[in-house]
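Working notes, structure below.
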Amino acid sequence: QLQLVESGGGLVQPGGSLRLSCAASGFTLDDYTILWFRQAPGKEREGVSCITRSGGRTNYADSVKGRFTISRDNAKNTVYLQMNSLQPEDTAVYSCAAARGTTFACSRTISSYMFWGQGTQVTVSS
């Protein structure tokens with residue numbers, strides 16, 4: 001079965017950090033562009049960050065630029081999202097998604113991705 005499994009979410013205080021992981025099963029991530037997106041209560045889904053097949057190119061939403069970092073370890077078939085300086089507005093279910101991609105660019109348009117995981121809850125609260 002083709003599956004993406006997110007982990008690493010939890011409850012953190014404002015200003016804290018979390019590192020999310022997205023692990024692939026049934027396929028190799030190095031053939032795919034990966035997107036992290038989030039769904040917050042009362043808000044539309046937002047494409048947070050994407051990374052190309054080899055990790056050479058990345059793209060970030062303005063809302064997280066400078067605070068979040070996406071990376072991948074293809075040997076471990078895993079993509080990460082390091083989230084620093086977390087704020088209550090970052091509270092959301094964070095999911096990863098995969099699309100057959102190029103080595104040159106990635107898109108944060110969620111509809112471009114064919115597989116996605118079930119998500120992991122991130123709650124930022126004092």
Side-chain angles (χ1 to χ4, degrees):
Q1 59 188 133
L2 305 179
Q3 186 175 7
L4 294 169
V5 179
E6 302 93 340
S7 62
L11 175 65
V12 64
Q13 295 184 349
S17 298
L18 286 172
R19 188 193 192 199
L20 306 183
S21 298
C22 172
S25 298
F27 64 102
T28 55
L29 278 186
D30 61 1
D31 290 330
Y32 292 85
T33 296
I34 303 298
L35 172 75
W36 282 101
F37 68 94
R38 63 187 181 184
Q39 176 72 69
K43 297 183 178 179
E44 298 290 330
R45 291 188 300 173
E46 178 185 25
V48 173
S49 182
C50 62
I51 188 166
T52 54
R53 291 172 59 187
S54 298
R57 298 289 297 273
T58 58
N59 189 278
Y60 296 91
D62 289 342
S63 57
V64 306
K65 190 176 181 63
R67 299 188 297 120
F68 291 9
T69 303
I70 190 170
S71 62
R72 66 191 302 162
D73 186 340
N74 288 337
K76 296 181 179 179
N77 225 27
T78 301
V79 173
Y80 305 97
L81 185 67
Q82 178 67 46
M83 306 186 296
N84 298 326
S85 301
L86 285 163
Q87 300 300 314
E89 302 84 74
D90 297 314
T91 295
V93 175
Y94 285 73
S95 303
C96 60
R100 295 189 183 276
T102 71
T103 60
F104 306 113
C106 67
S107 172
R108 291 185 290 104
T109 302
I110 298 169
S111 62
S112 299
Y113 293 79
M114 65 180 68
F115 302 117
W116 60 90
Q118 298 179 23
T120 184
Q121 176 70 49
V122 172
T123 302
V124 185
S125 176
S126 60

A side-chain contact here means heavy atoms from C-beta on lying under 4.5 Å apart; do [X] and [Y] qualify?
X   : Y    : result
S21 : K76  : no
L2  : M114 : no
L20 : M83  : yes
L4  : L29  : yes
I51 : W36  : no
S7  : T120 : no

Is the side chain of [X] donor-acceptor paired with the backbone N or O of [Y] at a distance under 3.5 Å, no angle test?
X   : Y    : answer
N74 : R53  : yes
R72 : G55  : no
N59 : S107 : no
Y80 : T69  : no
T58 : C50  : no

Quick one: closest heavy-atom pair of [X] and [Y], and the distance?
X   : Y    : value
S95 : G117 : OG-O, 4.1 Å
Q82 : S17  : NE2-CB, 4.0 Å
T33 : A105 : OG1-O, 4.2 Å
L18 : G8   : CD2-O, 3.8 Å
A99 : S112 : CB-O, 3.4 Å

Are the charged groups of D31 and R100 less than 4.0 angstrom apart, N to O? no
[atom1] of [X] to [atom2] of [Y]: how many Å apart, nearest 0.5 Å?
X    : Y   : atom1 : atom2 : value
R67  : S85 : CZ    : OG    : 7.0 Å
E44  : Q39 : CD    : CD    : 7.0 Å
T123 : L86 : OG1   : CG    : 10.5 Å

Q. Take atom CD in Q121; do more than 12 heavy atoms of anything else shown fall under 6.0 Å from it?
A. yes
Is it the case that atom CZ in R57 sees more than 12 heavy atoms from other parts of the structure closer than 6.0 Å? no
Aromatic plane relationship, F68 with Y94 - under 30° parallel, 30 to 60° tilted, over 60° perpendicular: tilted
Under a side-chain separation threshold of 4.5 Å, the hydrophobic residues clustered together with F37 are L35, I110, Y113, W116
Do [X] and [Y] belong to the same hydrophobic cluster, where Ile, Leu, Val, Met, Phe, Trp and Tyr are linked whenever their side-chain heavy atoms lie under 4.5 Å apart, directly or via other members?
X    : Y   : answer
L81  : V12 : yes
V5   : I34 : no
F115 : V79 : yes

Per side chain to side chain contact (heavy atoms under 4.5 Å, CB included), R38 is matched among V122, V93, D90 by D90
